[in-house]
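The first residue in the sequence is number 1, and the count goes up from there.
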Amino acid sequence: MRLNDRTLGFVINFLLGVAWAAVLIGAASSFFSFYHTSFLFALLSALIGTLPGMAAILVLEHIITGKERLSELQKQTKLLKELVEQNK
């Protein structure tokens with residue numbers, strides 16, 4: 001669990017799991033739908049079928065990274081304020 005907030009971390013990790021499942025289901029269903037046409041077309045179709053799930057993963061990872069950055073900046077700000085108070 002990378003996030004400090006347990007509830008938000010649970011929701012984001014759950015949604016990441018759903019997004020990975022969407023990637024797998026999209027790839028498999030697209031591949032097997034067009035397998036009878038040609039293998040190359042089926043692979044291309046599977047690649048396109050993964051795009052919505054991959055976009056969701058990208059957005060969720062961006063949210064996690066932003067929250068981690070905010071947490072680190074808050075820690076740094078606290079330490080800098082303590083240093084300023086010590087130097088006065």
**OP:** Hydrophobic side-chain clustering at under 4.5 Å (ILVMFWY, transitive links): who's grouped with Leu24? Put none if nobody.
**Re:** none

Subject >> Joint cluster assignment, Ile12 & Val59, ILVMFWY side-chain distance < 4.5 Å >> reply: yes

Original post:
Residues in side chain to side chain contact (heavy atoms under 4.5 Å, CB included) with Leu73, at least two apart?
Top reply: Arg69, Gln76

Could you pull out all donor-acceptor pairs under 3.5 Å where a side-chain atom in residues 38-45 meets a protein atom, sequence neighbours excluded?
residue : atom : partner : partner atom : Å
Ser38   : OG   : Phe41   : N            : 3.0
Ser45   : OG   : Ser30   : O            : 3.2

Subject >> ring-ring contact (aromatic ring centres under 6.0 Å, His included) contacts touching residues 44-88 (sequence neighbours left out) >> reply: none

Original post:
Residues in salt bridge (charged side-chain N to carboxylate O under 4.0 Å, His left out) with Glu82, at least two apart?
Top reply: none

Original post:
Parallel, tilted or perpendicular: which describes the rings of Tyr35 and Phe31, with under 30° parallel and over 60° perpendicular?
Top reply: tilted

Original post:
Which other residues end up in the same hydrophobic cluster as Ile25, if Ile, Leu, Val, Met, Phe, Trp and Tyr are linked when side-chain heavy atoms come under 4.5 Å apart?
Top reply: none

Subject >> Shared hydrophobic cluster, Leu51 / Trp20 (ILVMFWY, side-chain heavy atoms < 4.5 Å) >> reply: no

**OP:** Apply the side chain to side chain contact (heavy atoms under 4.5 Å, CB included) test between Lys81 and each candidate in Thr77, Val84, Leu79; give the one that qualifies.
**Re:** Thr77

Original post:
Looking only at heavy atoms, what is the nearest atom pair of Lys67 and Leu8, with distance?
Top reply: CE-CD2, 3.4 Å

**OP:** Tell me, please, which residues at least two apart from Leu15 pass side chain to side chain contact (heavy atoms under 4.5 Å, CB included).
**Re:** Val11, Leu60

**OP:** Could you pull out the closest heavy-atom pair between Val23 and Met54, with the gap in Å?
**Re:** CG2-N, 3.6 Å

Original post:
Distance from Glu61 atom CD to Ile57 atom CD1, nearest 0.5 Å?
Top reply: 8.0 Å

Original post:
With sequence neighbours excluded, what pairs up with Lys75 under the salt bridge (charged side-chain N to carboxylate O under 4.0 Å, His left out) test?
Top reply: Glu72

